[in-house]
Amino acid sequence: MPEGSPPLDLGLCLTCGQVFRWWRDGESWAGVDGDRFYRVARDGTGLQVHGTGTEDEFKSLFGLDETTARSIERISRLDAAMGERVGRLAGLRLMRPGCPVETAFCFMTTSNNHLARIHQMVRVLASYGDRIPGAPVGAKRFPALERIAALSEEELRSKGFGYRARTIPLAARRMIESGGKEWLESLAKAPYEEANRELTGLPGVGNKLADCIALFALGHGSAVPVDTHVWRAMTRDVFPDWRGKSLTDQRYRAIGDFLRERFGELAGMAHQYIFVETMLMSRSQRIRERRPEPAEPL
DNA sequence: TACGGACCTTTC
DNA sequence: AAAGGTCCGT
């Protein structure tokens, strides 16, 4: 999408997932996906997109294609409650970033963490990457596995990574031993169960991160990341006996199975509507209890 | 197999 | 206390 090409009319678009590499830049949003850079600005009722990627690549990143539209329609027909959620959250899309290494390490910063610090850590990691030709100087592509593996725990600790300073370079070294980025990418073609087993074998990667990586980086639609929001929703609506109990491996599995039974390969997409709805509810509750905060896209 | 607690840091 | 958890010990 070179400068001066006709604007894409995207309508209202709410996304979730791998947004760690996007930032506010004046009136527009800027972001990186693999070696692509994009800038998105409001244009009347729609959005105008410029960048180093093609229109198809941008649409793929944000699920703005016919296949996605049909999948969304399918999950809303499969289940009445899901149909209502999809109606309330029209425009929500599962992101499909193009670089699994980038996505995997972005998610490794998220454990027991909050968005502001996640964003900061992702900026630090990206600072070790090369700049992207044709993009602003600050827009770096994510560093290669070898560069992450070469980082010392001490350095990352000094930059505020906490205990993740140990596991992040360690996971990169482990991936290199297994066959590097080709190994990670090959897990996209493996069965979900196998991908999940391999990913949870990485240091710092448990059930939840493995499912995030499987779903967002590798396209495993059966992956259902169960985080605190999804746990809250499921113990409220589906497994009330579990309220007040802890999230064990078995319960984690049962929640995923519940959605996989109903939505199959679209379980991960269905899960996202539950996640976002619950997250927005708890957020608006906080706002009611305290003071309004500036409107932030997801 | 289930549960508790430690782990880094910041905060609506 | 909780935040888009993981790991280890009992």
Side-chain angles (χ1 to χ4, degrees), chain A residues 14-22 89 92 94-95 97 103-125 151-171 174 196-217 223-235 239 241-256 268 271-298:
Chain A
L14 176 67
T15 70
C16 176
Q18 226 283 0
V19 289
F20 312 123
R21 298 229 56 203
W22 287 75
L89 296 170
L92 179 65
L94 208 57
M95 286 185 79
T103 304
F105 283 91
C106 285
F107 274 112
M108 270 185 245
T109 69
T110 68
S111 70
N112 192 20
N113 208 353
H114 53 89
L115 210 43
R117 189 154 78 115
I118 290 167
H119 216 257
Q120 169 58 22
M121 290 182 188
V122 168
R123 268 196 301 273
V124 171
L125 287 180
L151 294 170
S152 70
E153 169 172 359
E154 191 184 33
E155 173 165 7
L156 289 183
R157 250 177 210 281
S158 76
K159 298 192 175 184
F161 278 63
Y163 58 81
R164 302 162 200 80
R166 187 181 68 85
T167 50
I168 286 175
L170 202 55
R174 195 71 69 77
N196 183 73
R197 199 168 44 247
E198 293 290 331
L199 292 169
T200 51
L202 293 167
V205 179
N207 257 329
K208 194 268 184 182
L209 290 197
D211 274 331
C212 286
I213 296 167
L215 178 62
F216 294 105
V224 176
V226 179
D227 71 334
T228 165
H229 300 291
V230 174
W231 171 252
R232 193 164 24 219
M234 295 301 273
T235 53
F239 301 105
D241 294 351
W242 294 350
R243 264 181 287 194
K245 305 208 174 199
S246 61
L247 177 51
T248 62
D249 281 357
Q250 213 164 86
R251 292 181 191 133
Y252 186 101
R253 171 63 68 177
I255 289 172
H271 134 278
Q272 173 134 305
Y273 286 91
I274 297 172
F275 164 71
V276 171
E277 182 178 67
T278 315
M279 191 204 58
L280 290 177
M281 278 170 65
S282 61
R283 186 159 84 164
S284 63
Q285 214 149 56
R286 283 201 303 274
I287 293 171
R288 267 199 303 281
E289 284 164 9
R290 297 166 203 257
R291 165 180 317 109
E293 57 185 322
E296 283 278 342
L298 293 174

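Lettering of chains follows the sequences in order, A, B, ..., and the numbering in each one begins at 1.
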Given atom [atom1] of [X] and atom [atom2] of [N], what is their separation to the nearest angstrom?
{"X": "R232(A)", "N": "dA3(C)", "atom1": "CZ", "atom2": "C1'", "result": "10 Å"}
{"X": "N113(A)", "N": "dG4(C)", "atom1": "CG", "atom2": "P", "result": "9 Å"}
{"X": "M95(A)", "N": "dG4(C)", "atom1": "CE", "atom2": "P", "result": "18 Å"}
{"X": "H114(A)", "N": "dG5(C)", "atom1": "NE2", "atom2": "C1'", "result": "14 Å"}
{"X": "I274(A)", "N": "dG4(C)", "atom1": "CD1", "atom2": "P", "result": "18 Å"}
{"X": "E153(A)", "N": "dC8(B)", "atom1": "CD", "atom2": "C1'", "result": "11 Å"}
{"X": "F161(A)", "N": "dT10(B)", "atom1": "CZ", "atom2": "P", "result": "13 Å"}
{"X": "Y163(A)", "N": "dC8(B)", "atom1": "OH", "atom2": "C1'", "result": "7 Å"}

So does S111(A) get a side-chain nitrogen or oxygen closer than 4.0 Å to the phosphate oxygens (OP1/OP2) of dT6(C)? no

Validation row: [X], [Y] side chains within 4.5 angstrom (heavy atoms):
{"X": "E153(A)", "Y": "P169(A)", "answer": "no"}
{"X": "W242(A)", "Y": "R251(A)", "answer": "yes"}
{"X": "I213(A)", "Y": "T103(A)", "answer": "no"}

Sticking with atom [atom1], work out how far [N] lies from [M], rounded to a whole angstrom.
{"N": "dT11(B)", "M": "dT6(C)", "atom1": "P", "answer": "23 Å"}
{"N": "dT1(B)", "M": "dT10(C)", "atom1": "C1'", "answer": "12 Å"}
{"N": "dG9(C)", "M": "dC8(B)", "atom1": "P", "answer": "15 Å"}
{"N": "dG4(C)", "M": "dC3(B)", "atom1": "P", "answer": "24 Å"}

Base, sugar-phosphate, or nothing for [X], non-hydrogen atoms under 4.0 angstrom?
{"X": "I118(A)", "result": "nothing"}
{"X": "N112(A)", "result": "base"}
{"X": "R164(A)", "result": "base"}

Tell me which nucleotide, if any, is Watson-Crick or G-U wobble paired with dC8(C) when both distances must be under 3.5 Å.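 Its partner is dG4(B).
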
In the structure shown, which nucleotide is the Watson-Crick or G-U wobble counterpart of dT10(B), with both distances under 3.5 Å?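 Because both required distances fall under 3.5 Å, dT10(B) counts as paired with dA2(C).
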
Quick test: give all pairs of protein nitrogen or oxygen and nucleotides 7-10 of chain C nitrogen or oxygen below 3.5 Å, distance rounded to 0.1 Å.
unit_1: dC7(C); atom_1: OP1; unit_2: G204(A); atom_2: N; d: 2.7

Closest heavy-atom pair and its distance - V226(A), Y252(A):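 Heavy-atom minimum between the residues: N-OH, 3.3 Å.
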
Within the sub-3.5 Å range, which N or O atoms of nucleotides 1-3 of chain B have a protein N or O partner, and how far apart are they?
unit_1: dA2(B); atom_1: OP1; unit_2: Q250(A); atom_2: OE1; d: 2.9
unit_1: dC3(B); atom_1: OP2; unit_2: R251(A); atom_2: NH1; d: 2.8
unit_1: dC3(B); atom_1: OP2; unit_2: R251(A); atom_2: NH2; d: 3.0

Short question: side chain of H119(A), backbone of W22(A) - any donor-acceptor pair under 3.5 Å? yes

Under 3.5 Å: donor-acceptor pair, side chain of R164(A), backbone of F161(A): yes

Consider only side-chain N and O atoms of R117(A) and Q120(A), and report whether a donor and an acceptor are under 3.5 Å apart.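 No, no side-chain donor-acceptor pair sits under 3.5 Å.
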
To the nearest 0.5 Å, what is the distance between CG on L125(A) and CE on M108(A)?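 The CG atom of L125(A) sits 10.0 Å away from the CE atom of M108(A).
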
How long is the gap from CG on L156(A) to OG1 on T109(A), to the nearest 0.5 Å? 11.5 Å

Report yes if a donor N or O on one partner sits less than 3.5 Å from an acceptor N or O on the other, where the partners are the side chain of Y252(A) and the base of dG5(C); otherwise report no. no

Would you call the rings of F107(A) and F216(A) parallel, tilted or perpendicular if under 30° counts as parallel and over 60° as perpendicular?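 Because their plane-to-plane angle is under 30°, the rings of F107(A) and F216(A) count as parallel.
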
